[in-house]
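First the structure, in the form of structure tokens, and then the observations on it.
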Protein chains: 2
Amino acid sequence: MAESKRTWMYSQRFSEALPTRPFPEAERSMNLMTGGKLKLVQAALRLITETRSLTSLGLRELAREAGLNPNTFYRHFKNLDEFGLQVLDYIAEDMKAGVRQLRQMAASSEQASHETVAFVYHYFLANPAATTVAVRELHGPSAVLRQALEAQLDASAREMAEDILERRLVAGVAAETIHEISRMTIRYILFRAMDYIEKPHQRESIQQETERFINRQFRGALLDDLSPARLEQLVTTLV
Amino acid sequence: MAESKRTWMYSQRFSEALPTRPFPEAERSMNLMTGGKLKLVQAALRLITETRSLTSLGLRELAREAGLNPNTFYRHFKNLDEFGLQVLDYIAEDMKAGVRQLRQMAASSEQASHETVAFVYHYFLANPAATTVAVRELHGPSAVLRQALEAQLDASAREMAEDILERRLVAGVAAETIHEISRMTIRYILFRAMDYIEKPHQRESIQQETERFINRQFRGALLDDLSPARLEQLVTTLV
DNA sequence: TTCGCAGGTAGACACTTGTATACTTCTGAA
DNA sequence: TTCAGAAGTATACAAGTGTCTACCTGCGAA
């Protein structure tokens, strides 16, 4: 990978979206969650990975999975909505930590874009619960959760775009366009992440497909302002 | 729109995905559903549009909304899973009808791509229940429903791609690439459709964004095989 | 006219759910 | 050491759920 020193033109490190961390959804300290509260949140993540969706989790189900008395729930949360939001916070913390790590990593070694894609998907694979809950609730029935998640994704997209801009990874594309493509990319990757987790045999092809997606977006953006006539002309020169 | 006779280069009629029909989720005849069965399915669609997700609907809830005795449910469906599948079939029927109509329409008048995008989003707006259930269950907890929906989407993508190929709407892009872009596009549009429905003020910008997405995909595909060096060279000529 | 049977209803079953009140245990500061 | 408050438990209740068996209705074929 020494071939690509400063390969602008297409995104590398395209997604700060939901990056990685060595040991994910287990022992966390910064979140100031302990004891029963922590047990309940972790129980939720466990249940979500198996079958359920966050919004559909029941109070007693949670307590059962956590090995606690149902009423303990009320010691920590007012109701299930508040619980959902806290789970989201818990996950967001994880994501941010991953972003920081990815940033450091990319700063030290100039990665090729496909390595970064691999990296991000690896994160999803290591954090299936966080991934699943994000995908499910982004279009789920609870407006509160949807809104919270969208804010989180947009923040990630903004970081990704600013990083691309700062490090001049893409040339010839307007800043606003880079922001837009970042938003689209992050959402696209998030959705593909579900397939990536669930279908081990397709993982490689999903990665490649994602790289093509990103490259096409940024390369296509180069031609944004071309008239159809000019474009046709260009095609003939390419063939 | 007389300016664009045969505007290849970018997709118009990009999405057969989930097109329209004048009066959507109401009086249907082809589906051979009548009486109580129909009432239950329609009740489901009603509930889904409001708050719920298909997987989380209860048998009694359904019957209540439909104005029927809970046990009537068992006269028509073995269990809730089978019910879910039938609802999906019901919706799929709708989509296919829309596809046919869109095909006719596009054949008669050479549309610009942005008109087609508007058309498709209009369909979503007219069929909020079908749209919502598709988005929610595509990543939902039920594997059966997920699989059924994916098949449905892939079929739509295939139709879209074949149509683009037959009518030579895009030049200089490999057939397989067109298929791939079609799949990506259909999924992208489906997700955006939720925002389109829920956020009236953003509708116009969502449409435009979608057009840009599609154009960039196809235009970027033109440059798929270019080396970074060649690409850099190209950028300088464009500036 | 009778019969079969699909469609719809009624009541009951065991079970789960969210929530409230009251009781116990643990823990850390005064 | 005491004691307040946090964390956890026990019991109870009304309401909701899926499913079973049994009964009633209307209608087309025999």
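All values below were derived from every heavy atom in this structure, side-chain atoms included, with hydrogens, water molecules and symmetry-related copies excluded. Please read all numbers here as calculations on a predicted model, not as lab measurements. By convention in this document, chain letters (A, B, ...) are assigned in the order of the sequence lines, proteins followed by strands, and residues within each chain are numbered from 1.
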Chain B footprint on DNA chain C, 5' to 3' - any atom under 4.0 Å from a heavy atom: dG7(C) to dA12(C)
Under 4.0 Å, heavy atoms only, any strand: does Tyr74(B) hit a base, just the sugar-phosphate, or nothing? base
Consider only side-chain N and O atoms of [X] and [Y], and report whether a donor and an acceptor are under 3.5 Å apart.
{"X": "Tyr121(B)", "Y": "Thr210(B)", "result": "yes"}
{"X": "Asn69(B)", "Y": "Asn71(B)", "result": "yes"}
{"X": "Glu137(B)", "Y": "Thr55(B)", "result": "yes"}

Rounded to whole Å, the CG-P distance (Asn71(B) to dC24(D)) equals 16 Å
Which whole-number value in Å describes the distance from Asn69(B) CG to dT21(D) C1'? 13 Å
Distance flag, aromatic centroids of Tyr188(A) and Phe213(A), threshold under 6.0 Å: yes
Do Phe124(A) and Tyr196(A) have their ring centres less than 6.0 Å from each other? no
May I ask you to decide if the ring planes of Phe77(A) and Phe83(A) are parallel, tilted or perpendicular, using 30° and 60° as cut-offs? perpendicular
I need the residues from residues 55-66 of chain B with at least one non-hydrogen atom less than 4.0 Å from DNA chain C; give them sorted by number, or say none. Arg60(B)
Is it true that Glu180(A) and Arg216(B) make a salt bridge, defined as a side-chain N closer than 4.0 Å to a carboxylate O? yes
N-O pairing of Glu176(B) and Arg212(A) below 4.0 Å: no
Closest-nucleotide ordering on DNA chain D, the 5'-leading residue of Asn79(B) and Arg75(B): Asn79(B)
